Amino acid sequence: MYSISGQSGPGVNPNQVVSADSDAMPATPPADGASPDGRALRWVEHRERRRDELVREIRRIVHEHGPDLSMEEIATRLGTSKSILYRYFTDKTALQVAVGDYVLGRARGRLEDASRSSRDPRRAVKAMVETYLGIVQRSRNVFLFVNRPQQAASEGNLRSFVAQIEEMVEGILSPMVARDVPPGSVTYWAVGLVGLVRASAEEWVTSEPAGRPTLEELSADLTTLVWDGTHALISRRP
């Protein structure tokens with residue numbers, strides 16, 4: 001089991017999460033305005049590295065055991081206590097945001113590649129829809145975890161990620177509209193399109209598999225909705 005209860009020392013993997021004692025700040029932190037000493041910098045780097053390790057392991061636990069785990073259940077599966085988790089995450093929402101940022105941060109590159117995969121804007125939109133649904137499908141539990149409770153989906157880094165997706169869609173649409181179209185209009189369209197796909201994905205992933213469309217079917221339907229609606233808006237402009 002991945003544990004954070006072991007003591008550091010000879011023979012211990014330096015990447016292993018270790019005991020709470022090593023979380024203590026250096027005994028004499030630098031005074032205000034003074035350059036931090038090497039020990040303080042090493043402590044900060046060590047803490048950040050351990051937090052990243054925890055996020056990766058929590059993501060695996062959620063993937064395997066479901067989205068409704070409590071902090072106590074997560075701590076137990078980590079082989080530690082809630083008090084250790086709260087040293088790194090102020091509450092469960094902060095933990096959800098951290099996991100969401102990690103997972104979606106890894107997906108950002110795939111979505112960016114999809115947006116540039118074709119000079120045909122419709123195909124680019126379809127590639128992005130398929131990529132997003134594929135991310136959701138690969139780990140339903142993680143997707144639900146980072147979206148529960150709802151405020152976790154609108155806070156911090158997760159919201160920043162969604163904003164970046166909106167900007168990518170806006171970048172696809174902007175060259176296609178007339179010059180006299182107010183830039184704000186395209187921004188609203190992009191926000192609406194991303195919201196449509198996200199809401200559909202949430203409904204899709206929580207539905208019974210026997211009664212829902214395949215990824216390919218839903219992707220084709222959403223692309224038609226997104227593209228035909230957008231094309232109608234663009235076409236009616238003078």
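Start at 1 with the first residue, then count along the sequence. None of these values were measured; they are calculated from a predicted model.
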When you look at Y88 and R50, which way does the side-chain hydrogen bond (donor to acceptor under 3.5 Å, both in side chains) test go after all the steps? CA-CA 9 Å; Y88 295 92; R50 290 176 61 188; 3.1 Å; yes
Check: [Y] and [X] side chains under 4.5 Å, non-hydrogen atoms:
X	Y	result
F143	E202	yes
K82	S70	no
V97	V146	no
L85	L78	yes

Value rounded to 0.5 Å, distance of [atom1] in [X] from [atom2] in [Y]:
X	Y	atom1	atom2	answer
E57	T80	CD	OG1	12.0 Å
M128	L193	CE	CG	10.0 Å
T206	L144	OG1	CG	7.0 Å
L69	R77	CG	CZ	6.5 Å
R59	E64	CZ	CD	9.0 Å
L111	R116	CG	CZ	10.5 Å

Identify the heavy atoms of [X] and [Y] that sit nearest to each other, and give their distance.
X	Y	value
A190	E166	CB-O, 3.4 Å
F89	A98	CE2-CB, 3.8 Å
K92	F145	CE-CE1, 3.9 Å
V99	V55	CA-CG1, 4.0 Å
Y86	M71	CE2-CE, 3.6 Å
A107	I135	CB-CD1, 3.2 Å

Check step by step if side-chain contact (heavy atoms from CB on, under 4.5 Å) holds for E170 and W189. CA-CA 8 Å; E170 183 176 353; W189 299 351; over 6 Å; no
Output, in order, the C-alpha distance, side-chain angles, deciding distance and verdict of side-chain hydrogen bond (donor to acceptor under 3.5 Å, both in side chains) for H63 and R60. CA-CA 5 Å; H63 175 76; R60 182 191 62 78; over 6 Å; no
Residues E130 and K126 bridged, charged N to O under 4.0 Å: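 Yes, charged N to carboxylate O under 4.0 Å.
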Side-chain ([X]) to main-chain ([Y]) donor-acceptor, under 3.5 angstrom:
X	Y	value
S117	A114	yes
S200	V197	no
R140	V205	yes
W204	P213	yes
E48	E45	no

Within 6.0 Å of [atom1] in [X], more than 12 heavy atoms from elsewhere:
X	atom1	result
R106	CZ	no
E73	CD	yes
R123	CZ	no

Is there a side-chain contact (heavy atoms from CB on, under 4.5 Å) between T224 and R122? Walk through the geometry before answering. CA-CA 9 Å; T224 298; R122 189 184 194 282; 3.4 Å; yes
Applying side-chain contact (heavy atoms from CB on, under 4.5 Å), run through R87 and R47 and close with a yes or a no. CA-CA 10 Å; R87 292 190 183 207; R47 183 175 177 82; 4.1 Å; yes
